[in-house]
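Here is how names work: the chains are called A, B, and so on, in the same order as the sequence lines, proteins then strands, and each is numbered from 1.
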Amino acid sequence: MSLRIYNTLSRKKEEFTTIEPGKVRMYVCGPTVYADAHLGHAMSALVFDIVRRYLEYKGYEVRYVMNFTDVDDNIINKANELKVDPYNLAQHYIDGYKRNLEGLNIKPATVHPRATEDMPQIIKMIQDLITNESAYQVNGDVYFSVDNDADYGKLSGRNLQTMNAGSRIQVDERKAHPMDFALWKSAKPGEPAWDSPWGPGRPGWHIECSAMNMAHLGEQIDIHGGGNDLIFPHHENEIAQTESLTHKPFSRYWMHNGMFGLKDEKMSKSLGNMVTIDDFLAEHPGDIMRLWVLNGSYRSPLTYSEAVIEQTTQGYKRLLSAKKPALPGAKGLPESALGALASAAESARNAFIEAMDDDFNTASAMSTVYELGKQINQARADGATDDQLKIVQSAFNELTGTLGLQLEEEKLSGSNADAFIDLLISVRRELRAEKNWAMSDKIRDELKKLGVNLEDSKDGTSWNWDA
RNA sequence: GGCGACGUGGCCAAGUGGUAAGGCAGGAGUCUGCAAAACUCUCAUCAUGGGUUCAAUUCCCAUCGUCGCCUCCA
């Protein structure tokens with residue numbers, strides 16, 4: 001049983017093999033940092049976090065690079081508007097992004113390079129491309145020449161003849177070919193600039209990813225990821241730049257996640273129709289967003305709606321229920337029932353791996369997790385003890401943990417409410433003994449409003465924080 | 001105009017050439033003083049029209065619809 005990954009380059013699922021045995025070199029395009037990150041960024045970051053975690057589960061050592069693009073028109077414009085240094089502005093949003101990633105339980109990348117800190121590599125790469133005749137300079141600008149790249153367009157399935165360059169924006173007539181793109185832009189007044197052989201300026205959008213790949217992972221990598229809106233032109237151009245120099249296949253697998261949308265259009269900074277990660281996390285646990293992503297296919301679009309968030313929250317509560325301990329008066333299952341539990345755990349694990357091996361089919365993997373959860377709850381209802389539940393719960397924790405789900409009950413931060421809630425419950429127990437239903441129901445209702453759910457059973461009352 | 005993806009129950013969403021996982025919601029029950037949770041049972045013929053096949057939701061063609069990219073974008 002081996003892992004298969006859908007490769008955008010071949011538009012097929014391919015068996016996954018690495019350049020170096022046991023090791024994965026993986027690069028994911030991070031955001032351009034000039035605004036708060038939105039749920040589209042969250043989706044992409046979650047998708048590749050899940051990929052990374054599963055590869056690690058399979059035993060690979062993953063070197064994971066996620067960059068920050070911190071030179072770009074939007075950043076410069078915004079910094080000028082606010083009269084702040086662009087570097088500091090970018091830093092502000094990088095800090096925010098990292099905080100968001102943490103809130104979503106996304107593991108930090110092995111390296112988080114930013115373009116402005118790899119400037120020597122970028123300039124060197126441009127120089128080599130010029131030497132190579134893959135690029136040319138015009139008055140301090142440097143362009144990549146698509147005509148000199150025989151297989152330009154192979155990732156996005158386009159060819160230069162049928163592409164409609166200039167149909168929507170004015171083409172700079174200094175370019176040799178309309179599709180040529182900037183590697184280096186000469187500085188205009190009021191812009192940050194770096195010295196280069198072509199005069200002061202700054203890198204174009206695509207070169208920094210090629211250079212950072214080269215600097216942090218080498219000439220060839222195993223997985224390159226990002227949103228499918230990056231296929232063209234960004235990733236196409238990355239391939240063109242890197243392969244024109246190395247003459248070797250750049251990334252073995254190109255993975256692209258679907259777009260996160262708001263109603264009928266994708267969420268994006270330029271459209272201004274975004275829900276930020278901060279907004280979301282203020283209202284919901286990070287697990288909800290992750291579960292939402294897991295419930296579908298990473299290559300398909302996801303559409304924002306309150307109803308779906310609500311549904312996901314209910315599903316999340318169901319998962320939490322599987323983690324609960326044995327019932328208060330649990331008598332234990334007979335020895336004969338334990339074998340079935342062990343084999344349920346084992347077959348769930350196998351089904352999970354089979355699903356994930358098929359291009360990270362998380363929706364299918366989740367169905368086995370839900371079923372395992374049901375088996376846990378059945379065992380509990382039948383009187384299993386904590387030790388017996390552990391047989392299945394340990395597998396449940398292993399699988400949900402692999403997907404990056406935390407499944408920890410919400411706690412009020414820094415609160416020591418537990419003792420007070422326990423006190424109220426013991427008072428209520430006496431009220432119930434006296435059949436004072438009015439008062440005991442009132443306590444339950446009022447606690448509910450405060451986010452505490454009481455659950456009565458024959459053998460006592462348990463409680464939990466509302467998700 | 002070009003490239004690509006998609007259309008599965010009220011909602012979200014897997015999947016397969018031989019009559020369709022899972023979650024949410026709904027219905028019926030068990031438990032409970034009631035409620036909640038949990039458990040049990042229940043709930044679809046897969047956009048439309050053709051074609052291939054012993055057999056298609058799954059393959060092919062067409063139509064309709066939706067979305068992404070071709071400009072910055074995860």
Side-chain angles (χ1 to χ4, degrees), chain A residues 8 11 28-32 34-35 37-48 66 69 72-74 153 156-159 161-170 179 205 225-234 236 256-261 264-271 291-292 294-297 299-303 305 307-322 324 327 351 355 358 361-371 373-374 376-382 432 435-437 440-441 444-445 448 453-458 461-464:
Chain A
T8 305
R11 309 203 182 271
V28 174
C29 286
T32 302
Y34 68 95
H38 56 66
L39 295 184
H41 296 107
M43 178 181 180
S44 185
L46 281 166
V47 162
F48 291 105
M66 181 194 273
T69 297
D72 134 286
D73 289 347
N74 292 306
S156 54
R158 291 152 208 260
N159 64 68
Q161 281 70 44
T162 59
M163 260 188 297
N164 241 342
S167 66
R168 296 165 77 181
I169 51 158
Q170 191 69 34
M179 294 307 296
W205 176 35
N228 68 18
D229 55 346
L230 295 181
I231 294 172
F232 189 90
H234 187 56
E236 193 70 74
H256 293 97
N257 63 276
M259 289 295 96
F260 187 93
D264 292 335
E265 58 186 9
K266 81 168 181 170
M267 185 173 287
S268 87
K269 284 180 280 199
S270 55
L271 291 171
L291 191 54
W292 193 354
L294 288 168
N295 185 41
S297 152
R299 288 192 276 132
S300 298
L302 222 52
T303 305
S305 84
V308 175
I309 293 173
E310 174 57 24
Q311 288 173 19
T312 307
T313 303
Q314 292 305 115
Y316 170 69
K317 287 181 184 169
R318 162 161 284 274
L319 292 178
L320 284 180
S321 76
K324 291 182 178 170
L327 295 174
D358 182 16
N361 187 336
T362 56
S364 177
M366 280 311 298
S367 80
T368 80
V369 169
Y370 277 112
E371 283 189 341
K374 176 164 284 192
I376 293 168
N377 288 340
Q378 279 169 343
R380 185 190 305 99
D382 289 345
R432 294 182 71 214
K435 299 198 192 300
N436 186 344
W437 308 129
S440 68
D441 287 353
R444 188 173 62 198
D445 292 345
K448 172 81 180 163
N453 296 315
L454 298 194
E455 293 176 7
D456 295 324
S457 74
K458 234 184 332 212
T461 299
S462 62
W463 66 273
N464 58 270

S.K.: Of the non-hydrogen atoms in W292(A) and T312(A), which two are nearest, and what is the gap between them?
M.R.: N-CG2, 3.7 Å
S.K.: Starting at OG of S364(A), measure out to CG of L294(A) and round the result to the nearest 0.5 Å.
M.R.: 12.5 Å
S.K.: Could you write nucleotides 12-22 of chain B as a row of B, S and -, 5' to 3', where a protein heavy atom under 4.0 Å of any base atom gives B, of only sugar-phosphate atoms gives S, and otherwise -?
M.R.: BSSS-----BB
S.K.: So, using salt bridge (charged side-chain N to carboxylate O under 4.0 Å, His left out) as the criterion, who are the partners of D73(A) when residues are at least two apart?
M.R.: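 By the salt bridge (charged side-chain N to carboxylate O under 4.0 Å, His left out) rule, D73(A) matches R202(A).
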S.K.: How many Å lie between CG on N228(A) and P on C70(B), as a whole number?
M.R.: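 These atoms are roughly 11 Å apart.
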S.K.: At under 4.0 Å between heavy atoms, what does S156(A) touch on the DNA or RNA strands: base, sugar-phosphate, or nothing?
M.R.: sugar-phosphate
S.K.: Determine which nucleotide pairs with A21(B), using a 3.5 Å limit on both distances of a Watson-Crick or G-U wobble pair.
M.R.: none
S.K.: When rounded to the nearest Å, what value does the distance between P atoms of G22(B) and G65(B) take?
M.R.: 35 Å
S.K.: Does the structure show a Watson-Crick or G-U wobble partner for U45(B), both distances under 3.5 Å? Name it, or say none.
M.R.: none
S.K.: Within this structure, what is the CE-to-C1' distance between M259(A) and U66(B), rounded to whole angstrom?
M.R.: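 Whole-Å distance recorded here is 16 Å.
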S.K.: Between R318(A) and C24(B), does any side-chain N or O lie under 4.0 Å from OP1 or OP2?
M.R.: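 Yes, R318(A) has a side-chain N/O under 4.0 Å of OP1/OP2 on C24(B).
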S.K.: Over how many whole Å does the gap from M267(A) atom CE to G68(B) atom C1' extend?
M.R.: 15 Å
S.K.: Let me confirm one number: the CG-OG1 distance from N74(A) to T69(A), rounded to the nearest 0.5 Å.
M.R.: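 Going from CG on N74(A) over to OG1 on T69(A), the span is 11.5 Å.
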S.K.: Looking at OG1 of T313(A) and CD of E310(A), how far apart are the two atoms once the value is rounded to the nearest 0.5 Å?
M.R.: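 If I round to the nearest 0.5 Å, the distance is 5.5 Å.
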S.K.: Got a second to check how far M43(A)'s CE is from H38(A)'s NE2, nearest 0.5 Å?
M.R.: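 One finds 12.0 Å between CE of M43(A) and NE2 of H38(A).
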S.K.: Using the P atom as the reference point in each nucleotide, state the distance between C6(B) and C61(B) in Å, no decimals.
M.R.: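 14 Å, rounded to whole Å.
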S.K.: Can you tell me the pairing partner of A55(B) across any strand shown, Watson-Crick or G-U wobble, with both distances under 3.5 angstrom?
M.R.: none
S.K.: Please work out if F260(A) contacts a base, only the sugar-phosphate, or nothing of the nucleic acid, heavy-atom cut-off 4.0 Å.
M.R.: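 Base: the residue F260(A), judged by heavy atoms under 4.0 Å, touches a nucleobase.
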S.K.: Check every strand shown and say whether K448(A) touches a base, only sugar-phosphate, or nothing at a heavy-atom separation below 4.0 Å.
M.R.: nothing
S.K.: Could you state the atom-to-atom distance from NZ of K317(A) to P of A25(B) in whole Å?
M.R.: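 Interatomic distance, NZ of K317(A) to P of A25(B): 9 Å.
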S.K.: In a check of side chain to side chain donor-acceptor pair (under 3.5 Å) between D229(A) and each of H234(A), K266(A), H256(A), which one passes?
M.R.: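 Result: among H234(A), K266(A), H256(A), K266(A) is the only option passing the side chain to side chain donor-acceptor pair (under 3.5 Å) with D229(A).
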S.K.: Output the distance between atom CZ (F260(A)) and atom NE2 (H41(A)), rounded to the nearest 0.5 Å.
M.R.: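 Result: 12.0 Å between the selected atoms.
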S.K.: Could you say whether F48(A) or G157(A) is positioned toward the 5' end of RNA chain B, judged by the nucleotide with the nearest heavy atom to each?
M.R.: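 So the residue in question is G157(A).
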S.K.: Applying the Watson-Crick and G-U wobble criteria at under 3.5 Å, what pairs with A5(B)? Answer none if nothing qualifies.
M.R.: U66(B)
S.K.: Mind checking G30(A) for me? I need base, sugar-phosphate or nothing, with any heavy atom below 4.0 Å counting as a touch.
M.R.: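 Touches sugar-phosphate only.
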S.K.: How far does the C1' atom of C39(B) sit from the matching atom of U32(B), given to the nearest Å?
M.R.: 14 Å
S.K.: Could you run down the sub-3.5 Å N/O contacts of the protein with nucleotides 31-35 of chain B?
M.R.:
{"unit_1": "G33(B)", "atom_1": "N7", "unit_2": "R432(A)", "atom_2": "NH2", "d": "3.3"}
{"unit_1": "G33(B)", "atom_1": "O6", "unit_2": "R432(A)", "atom_2": "NE", "d": "3.2"}
{"unit_1": "G33(B)", "atom_1": "N1", "unit_2": "D441(A)", "atom_2": "OD1", "d": "3.0"}
{"unit_1": "G33(B)", "atom_1": "N2", "unit_2": "D441(A)", "atom_2": "OD2", "d": "2.8"}
{"unit_1": "C34(B)", "atom_1": "O2", "unit_2": "R444(A)", "atom_2": "NH2", "d": "2.7"}
{"unit_1": "C34(B)", "atom_1": "N3", "unit_2": "R444(A)", "atom_2": "NH1", "d": "2.9"}
{"unit_1": "C34(B)", "atom_1": "N3", "unit_2": "R444(A)", "atom_2": "NH2", "d": "3.2"}
{"unit_1": "C34(B)", "atom_1": "N4", "unit_2": "R444(A)", "atom_2": "NH1", "d": "3.4"}
{"unit_1": "C34(B)", "atom_1": "N4", "unit_2": "D456(A)", "atom_2": "OD2", "d": "3.1"}
{"unit_1": "A35(B)", "atom_1": "N6", "unit_2": "D456(A)", "atom_2": "O", "d": "2.9"}
{"unit_1": "A35(B)", "atom_1": "N1", "unit_2": "D456(A)", "atom_2": "N", "d": "3.1"}
{"unit_1": "A35(B)", "atom_1": "N3", "unit_2": "R444(A)", "atom_2": "NH1", "d": "2.9"}

S.K.: Taking atom P of G4(B) as reference, at what distance in whole Å does atom CZ of R11(A) sit?
M.R.: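 Value for this atom pair: 6 Å.
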S.K.: Can you tell me how far C1' of C70(B) sits from CZ of R158(A), to the nearest Å?
M.R.: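 So the two atoms are 5 Å apart, to the nearest Å.
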S.K.: Look at all strands and tell whether H256(A) reaches a base, only sugar-phosphate, or nothing, counting heavy atoms closer than 4.0 Å.
M.R.: nothing
S.K.: Suppose you measure atom P in C43(B) against the same atom in U63(B); what distance do you get, rounded to whole Å?
M.R.: 39 Å
S.K.: Would you classify N257(A) as touching base, sugar-phosphate or nothing, given that sugar-phosphate means primed atoms plus P, OP1 and OP2, and contacts are heavy atoms under 4.0 Å?
M.R.: base
S.K.: Can you tell me if S297(A) uses its side chain to pair, donor with acceptor, with the backbone of N361(A) under 3.5 Å?
M.R.: no
S.K.: In whole Å, what separates the P atom of G26(B) from that of C11(B)?
M.R.: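 Straight-line distance between the two P atoms is 15 Å.
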S.K.: Reading RNA chain B from 5' onward, which residue's closest nucleotide shows up sooner: R380(A) or G225(A)?
M.R.: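 Final value for this comparison: R380(A).
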S.K.: Quickly work out the L319(A) CG to C24(B) C1' distance and round it to whole Å.
M.R.: 12 Å
S.K.: Watson-Crick or G-U wobble partner for G33(B), using a 3.5 Å limit on both distances?
M.R.: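 The answer is none; no pair meets the criterion.
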S.K.: Among the nucleotides C24(B), C70(B), C39(B), which one has an atom lying closest to any side-chain atom of Q314(A)?
M.R.: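 Closest of the options to the side chain of Q314(A): C24(B).
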S.K.: Go through the steps to decide whether R444(A) and D441(A) satisfy the test salt bridge (charged side-chain N to carboxylate O under 4.0 Å, His left out), and finish with yes or no.
M.R.: CA-CA 5 Å; R444(A) 188 173 62 198; D441(A) 287 353; 3.5 Å; yes
S.K.: Does Q378(A) put a side-chain nitrogen or oxygen below 4.0 Å from OP1 or OP2 of A38(B)?
M.R.: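 No, no such contact exists.
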S.K.: In whole Å, what is the span from the OH atom of Y316(A) to the P atom of G23(B)?
M.R.: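 For the pair Y316(A) OH and G23(B) P, the rounded distance is 18 Å.
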S.K.: Given the P atoms of U8(B) and U45(B), what is the spacing between them in whole Å?
M.R.: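 Their P atoms lie roughly 14 Å apart.
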S.K.: How long is the span from the NZ atom in K324(A) to the CG atom in N377(A), to the nearest 0.5 Å?
M.R.: 8.0 Å
S.K.: When rounded to the nearest Å, what value does the distance between C1' atoms of U52(B) and C24(B) take?
M.R.: 39 Å
S.K.: Which pair of non-hydrogen atoms, one from E236(A) and one from G157(A), has the smallest distance, and what is that distance?
M.R.: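 In this case the closest contact between E236(A) and G157(A) is OE1-N, 4.5 Å.
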S.K.: With both distances kept under 3.5 Å, what pairs with U40(B), Watson-Crick or G-U wobble?
M.R.: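 Paired with U40(B), as far as the under-3.5 Å criterion goes, is A28(B).
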S.K.: Could you give the distance separating U19(B) and U57(B) at their P atoms, to the nearest angstrom?
M.R.: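 U57(B) and U19(B) have their P atoms separated by 12 Å.
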